[in-house]
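Any value given below was found using the heavy atoms of this structure, including those in side chains, with hydrogens, waters and symmetry copies removed. The model shown is predicted, which means the values in this text are computed figures rather than measured ones.
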Amino acid sequence: MKIDITIPLSVGEVARRSGVTIATVHHYEAKGLIQGWRSEGNQRRYHREVLRKISVIKIAQRAGIPLATIKDALDDLPTGKPLNAKDWAQLSTRWRDMLNERIHSLTQLRDELESCIGCGCLSMTNCPLRNPGDQLSLVGEGAVLLNTYHAK
């Protein structure tokens with residue numbers, strides 16, 4: 001039996017086929033990540049290309065990419081056709097630097113956790129972030145050294 005790929009999918013079918021909840025499909029649509037329309041019977045319908053788009057969204061979310069960033073990237077792709085390998089290469093390249101920076105920051109944080117809990121803590125003589133006499137209150141607000149230290 002051959003499937004007619006021109007027949008649109010219901011919200012339930014999209015949810016089932018993509019492995020997300022119906023609420024998630026509605027959420028993605030409300031955020032402008034996917035598009036659907038209402039049938040004559042006032043039911044939500046979606047082109048099958050939405051399944052691949054939801055897969056990309058799920059992968060990006062798993063990597064910790066915010067929905068707003070995902071939307072910006074998807075908005076730059078051509079509409080009306082399924083995502084292909086070239087589109088994925090464009091998306092993944094766009095996100096690579098951001099992910100590499102996040103990996104670097106997390107690795108640095110992990111490696112520093114043994115000697116510093118980052119707060120003025122148990123290692124005042126060894127901590128590169130210490131602030132004797134609260135001298136940094138004159139420099140700015142917040143964790144001035146922490147932000148400077150992690151920016152390196």
If I compare all heavy atoms of Ala73 with all of Leu91, which pair ends up nearest, and what's the gap? CB-CD2, 3.4 Å
What distance separates Arg16 CZ from Thr21 OG1, expressed to the nearest 0.5 Å? 14.5 Å
Donor-acceptor check, side chain of Thr93 to backbone of Gln90, threshold 3.5 angstrom: yes or no? no
When you look at CZ of Arg62, are more than 12 heavy atoms from neighbouring residues, nucleotides or ligands closer to it than 6.0 Å? no
Can you tell me how far CH2 of Trp88 sits from CD1 of Ile59, rounded to the nearest 0.5 angstrom? 4.5 Å
What residue among Val11, Leu9, Leu33, Val50 forms side chain to side chain contact (heavy atoms under 4.5 Å, CB included) with Val25? Val11
Report yes if the side chains of Lys53 and Lys58 come closer than 4.5 Å at any heavy-atom pair, otherwise no. no
Has Thr69 got a side-chain atom pairing as donor or acceptor with Ile65's backbone, closer than 3.5 angstrom? no
CD-CD1 distance between Glu13 and Ile7, expressed to the nearest 0.5 angstrom: 9.5 Å
Please report the interatomic distance CG(Leu83) to CD1(Ile54), rounded to the nearest 0.5 Å. 11.0 Å
Please find the pair of heavy atoms, one from Trp95 and one from Ile70, that lie closest to each other, and give the distance. CZ2-CA, 4.0 Å
Check Pro78 against Asp87 and note the closest heavy-atom contact, atom names and distance. CD-OD1, 4.2 Å
Over all heavy atoms of both residues, which pair between Leu99 and Ala63 is shortest? Give the atoms and the distance, please. CD2-O, 3.4 Å
Quick one: closest heavy-atom pair of Pro8 and Arg45, and the distance? CB-CB, 4.0 Å
Do you know which two heavy atoms are closest between Pro66 and Arg102, and how far apart they sit? CD-NH2, 4.5 Å
So Trp37 and His47, would you call those rings parallel, tilted or perpendicular, with 30° and 60° as cut-offs? tilted
When rounded to the nearest 0.5 angstrom, what is the spacing between OH in Tyr28 and CG in Leu67? 6.5 Å
Mark yes when over 12 heavy atoms from residues, nucleotides or ligands other than Arg17 sit less than 6.0 Å from its CZ; otherwise mark no. no
Atom pair NZ (Lys31) and CG (Leu74), whose distance is rounded to the nearest 0.5 Å: 14.5 Å
Heavy-atom side-chain proximity of Asn100 to His104 below 4.5 angstrom: no
Walk me through it: do Arg94 and Asp72 pass the test salt bridge (charged side-chain N to carboxylate O under 4.0 Å, His left out)? CA-CA 11 Å; Arg94 185 172 181 166; Asp72 289 344; 5.5 Å; no
